[in-house]
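For the numbers below, each heavy atom of this structure counts, side chains included, while hydrogens, waters and symmetry mates do not. Below, chains carry the letters A, B, ... as their sequence lines are ordered, and counting in each starts from 1.
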Amino acid sequence: MNTIVETITPTQLENLSRIFSGRILLRREIPLNEPTFQQFLDNQYLIPQKSIIKKLLAHQCMRCGNEKKSLFAKIPCSICNKTHLYCRKCIQMGRVMECEPLYTWGGEPPNWSTYKQPCTWDGTLTQGQLQASNHMVQAIRSGEKEYLIWAVCGAGKTEMIFPAITETLQQGKRICIATPRADVVRELYPRLQKAFEEVPVQALYGGSETKDATAQLIIATTHQLLRFQHAFDVVIVDEIDAFPFHADPSLPYSANRAKKQDSTMIYLTATPRKDHQKRIAKKTLPHTFVPVRFHGHPLPVPKTKICFSLKKDLDEYRLPKAFYNWLPKRENSKRQLLIFVPTIKLAEKMKDSLASILKKEKVISSEAMLTSVHAEDVDREEKVIQFRQKKITVMITTTILERGVTFPSVDVAIVDAGHSVFDEAALVQIAGRAGRSADDPIGEVIFFHDGKTEAMERAIASIKKMNKRGGFET
Amino acid sequence: MNCAWCDTEIILSLSWANLIMLEKEEILCSECKLGLEWINGNRCDRCSRNTTEKRCADCMWWEEKEKNESLQFNYSIFTYNPFMKEVIAKWKYRGDYYLGYIFENYLMEAFKENFSFLKKNGFVVPIPLSEERLLERGFNQAKMIADFLKIETKEILTRLHGEKQSKKSRMERIISKNPFFITESINKPVLLVDDIYTTGTTLRHAARLLKKHGCPNVYALTLVRG
Ligand SMILES: [Zn+2]
Ligand SMILES: [Zn+2]
Ligand SMILES: [Zn+2]
Ligand SMILES: [Zn+2]
């Protein structure tokens with residue numbers, strides 16, 4: 001009976017272990033026909049486990065960790081002819097049903113390659129970058145459980161992690177870089193592949209071409225971590241403070257599960273949240289602070305401008321008068337302009353009134369040089385590219401552009417900076433969009449408001465503090 | 001209670017009306033509900049499509065093609081707008097069964113207003129899925145709709161496994177062979193139900209078969225006019 005498994009060669013088994021190990025899979029995600037699949041179960045190459053378990057007061061989905069009652073529902077199932085639960089939370093990745101187990105690999109773990117000199121990037125790191133990356137390498141070597149890198153916006157995080165990747169690959173271990181947004185995965189993937197030319201890299205995000213995860217070096221959205229269990233020796237979580245990682249409890253759950261028992265988690269952030277700040281202060285979370293941008297200039301400190309009748313202006317989809325007063329007085333009128341607004345509706349509706357005034361002020365030569373962008377905008381990627389290529393001069397945006405995107409030379413205006421969507425972290429991140437290139441290392445950041453909020457004050461104080469720690473006079 | 005679509009909490013407004021009427025509570029929040037688009041104004045009296053004519057061009061075409069009209073008329077509730085496309089895709093293809101309850105009240109209402117006359121001696125028949133498709137999805141969305149209606153359901157149709165309807169072109173769908181089988185003759189009027197009326201071919205295939213086996217009149221209730 002064991003014919004199928006007996007004919008499997010060690011090489012085939014190694015390949016299969018790369019496909020299945022470290023994963024947590026539904027039957028339909030396992031590309032084996034029924035007899036082979038049964039053989040794998042008999043030989044305990046695949047181990048079934050319950051998909052939804054009952055806890056004291058709730059149920060839990062064993063793939064995404066969901067325990068929220070409203071995200072479970074009952075289905076009269078035509079497969080098992082019983083009525084039972086399924087998980088609504090992670091349904092986009094294929095439905096987890098109570099009657100169907102999840103499978104994990106029970107065979108030998110794969111042997112990953114050991115690379116001598118995997119890094120083909122030939123740039124150099126700044127002093128600050130070097131220090132942070134040395135500490136990351138140390139943390140990996142000594143098997144530190146967690147390590148946090150607090151690097152200001154524009155410190156050059158991507159290059160900083162190259163030595164950590166190199167170290168992992170030299171040890172013959174597996175690494176995943178997880179970031180909250182698919183845009184960032186798409187942007188980083190080619191850069192990583194170029195920096196590690198000989199190493200197969202896979203990029204995973206909703207809608208990505210690759211669905212398997214067989215590479216030793218993986219870059220993925222934090223969401224995709226749901227597909228893994230005890231897979232990685234090193235996990236680098238980028239923007240640990242960002243939505244949705246911060247807001248969705250299933251993501252820390254899955255990041256934790258995706259790493260191996262003995263592993264190192266490295267967090268990157270420019271604006272650590274309270275829980276991490278507390279642990280840093282208590283010295284229970286080892287960290288390195290990188291206070292200087294890669295070009296060696298301080299962070300631009302936001303200025304505040306009070307606007308009278310701001311709410312009325314916004315109700316009529318107009319920018320406040322204070323904005324138009326500031327516009328002709330900008331220090332460098334050649335810079336592009338990013339205007340942050342709190343809602344999608346404002347982003348869409350403000351465009352018309354703004355266009356005519358920008359034309360009059362000769363900021364733009366035609367209406368096509370102004371656009372707006374938000375999360376529900378299908379052309380959003382295209383618009384960001386056009387802005388980067390300077391085909392667009394002025395862009396109105398919601399907080400979707402608050403992080404992860406870099407434009408070389410912009411001024412930043414935040415309209416209604418007192419709105420609750422602009423919390424401290426968001427304001428610091430948005431301010432960090434300015435002055436990103438060595439050619440134009442400064443830029444103006446203006447908070448237009450009708451009453452200073454605590455978030456605004458704290459954001460400004462924290463930027464000043466970071467500059468001070470970087471050795472700049474403020 | 002959380003919104004079935006966006007999962008934000010719904011603050012219930014208890015009024016005498018919904019206490020007395022014992023209506024099923026809404027499971028969409030007011031914001032998500034704005035995404036639903038009812039078919040209103042003038043509609044084709046055969047297929048529910050929005051039109052200024054009494055009868056739309058497609059239905060005229062069917063009339064010419066069929067000697068004996070198989071389907072009396074179809075009533076749909078919603079337009080197939082982008083929001084509805086997303087909801088239906090998640091409900092049917094991703095298999096989020098619970099989303100079907102969004103439509104319970106609206107289906108009950110539409111039935112009451114348009115098909116009360118069937119209550120006494122009619123049956124509702126859901127458009128079936130093939131065995132393979134049913135095992136893949138775990139449930140049949142048309143059966144879910146049928147079960148909302150206060151009229152006896154009879155699952156007397158079965159379906160052969162074929163290519164997905166959604167992968168076929170309009171013409172391919174219209175000329176495709178009848179995929180249905182009938183397990184029991186019926187001599188009472190029937191209300192067919194399905195989630196969506198697109199070209200009307202599927203429903204007419206089912207209707208023809210029912211009529212061939214003794215059913216006097218066939219009507220259709222669908223959630224969406226595609
Ligand atoms: Zn789940
Ligand atoms: Zn079941
Ligand atoms: Zn909602
Ligand atoms: Zn019609």
Side-chain angles (χ1 to χ4, degrees), chain A residues 26-30 33-34 51-52 58-59 61 63-64 66-101 206-207 223 226 243-244 247-251 343-345 375-379 420, chain B residues 1-12 25-29 31-32 34-35 81-83 85-102 104 126 128-148 153 155 158-159 161:
Chain A
L26 294 166
R27 172 65 183 97
R28 64 186 67 183
E29 294 175 297
I30 299 170
N33 60 30
E34 203 47 37
S51 56
I52 295 176
H59 285 90
C61 168
R63 179 168 65 186
C64 70
N66 169 35
E67 292 186 35
K68 198 171 175 188
K69 207 173 161 210
S70 62
L71 295 178
F72 286 103
K74 286 200 165 156
I75 178 169
C77 173
S78 301
I79 301 159
C80 69
N81 289 317
K82 289 195 182 103
T83 295
H84 56 66
L85 295 173
Y86 69 97
C87 177
R88 303 186 60 219
K89 169 87 193 211
C90 59
I91 202 162
Q92 290 295 356
M93 310 176 86
R95 184 178 52 198
V96 172
M97 299 263 259
E98 202 176 8
C99 68
E100 293 172 343
H223 225 94
L226 286 178
F243 175 87
D248 183 344
S250 76
L251 296 177
T343 64
I344 291 178
K345 203 164 177 193
E376 286 163 23
D377 190 337
V378 285
D379 301 323
S420 60
Chain B
M1 193 38 211
N2 291 39
C3 173
W5 185 250
C6 71
D7 199 45
T8 54
E9 204 181 331
I10 302 175
I11 315 296
L12 280 181
E25 47 193 343
E26 289 271 1
I27 63 165
L28 269 193
C29 73
E31 204 153 311
C32 290
L34 288 175
N81 68 357
F83 178 68
K85 278 188 187 147
E86 267 185 70
V87 175
I88 290 205
K90 201 169 174 197
W91 176 39
K92 191 158 107 171
Y93 300 120
R94 292 281 165 195
D96 195 352
Y97 182 81
Y98 182 68
L99 292 177
Y101 290 111
I102 292 173
E104 184 172 6
L129 294 178
S130 68
E131 191 62 21
E132 287 89 334
R133 191 76 67 225
L134 188 63
L135 287 179
E136 194 181 292
R137 293 199 189 145
F139 75 99
N140 175 6
Q141 76 283 353
K143 171 76 166 47
M144 190 175 186
I145 291 174
D147 290 343
F148 290 147
T153 300
E155 292 184 83
T158 57
R159 185 181 198 148
H161 194 56

Do A:C87 and A:F72 pass the side chain to side chain contact (heavy atoms under 4.5 Å, CB included) test, and can you show the C-alpha distance, the side-chain angles, and the key distance before you say yes or no?
CA-CA 5 Å; A:C87 177; A:F72 286 103; 4.2 Å; yes
Taking all non-hydrogen atoms of both residues into account, name the closest pair between A:I75 and B:F139 and its distance.
CD1-CD2, 3.7 Å
Can you see which heavy atom on A:M93 is nearest to which on A:L26, and at what distance?
O-CD1, 4.4 Å
Which donor-acceptor pairs fall under 3.5 Å between chain B and chain A:
residue: B:A4; atom: O; partner: A:R88; partner atom: NH2; Å: 2.7
residue: B:D7; atom: OD1; partner: A:S70; partner atom: OG; Å: 2.7
residue: B:D7; atom: OD2; partner: A:K68; partner atom: NZ; Å: 2.7
residue: B:R94; atom: NE; partner: A:Q92; partner atom: OE1; Å: 3.2
residue: B:R94; atom: NH1; partner: A:Q92; partner atom: O; Å: 2.7
residue: B:G95; atom: O; partner: A:R95; partner atom: NH1; Å: 2.8
residue: B:D96; atom: OD1; partner: A:Y86; partner atom: OH; Å: 2.5
residue: B:D96; atom: OD1; partner: A:R88; partner atom: NE; Å: 2.9
residue: B:D96; atom: OD2; partner: A:R88; partner atom: NE; Å: 3.2
residue: B:D96; atom: OD2; partner: A:R88; partner atom: NH2; Å: 3.2
residue: B:Y97; atom: N; partner: A:Y86; partner atom: OH; Å: 2.9
residue: B:Y98; atom: N; partner: A:Y86; partner atom: OH; Å: 2.8
residue: B:E136; atom: O; partner: A:R28; partner atom: NH2; Å: 3.4
residue: B:R137; atom: O; partner: A:R95; partner atom: NH1; Å: 3.0
residue: B:R137; atom: O; partner: A:R95; partner atom: NH2; Å: 2.4
residue: B:G138; atom: O; partner: A:S78; partner atom: N; Å: 2.8
residue: B:G138; atom: O; partner: A:S78; partner atom: OG; Å: 3.1

Quick one: CG on B:L99 to CD1 on B:I88, what's the gap to the nearest 0.5 Å?
10.5 Å
A:L226 and A:C90: which non-hydrogen atoms are nearest, and at how many Å?
CD1-CB, 4.3 Å
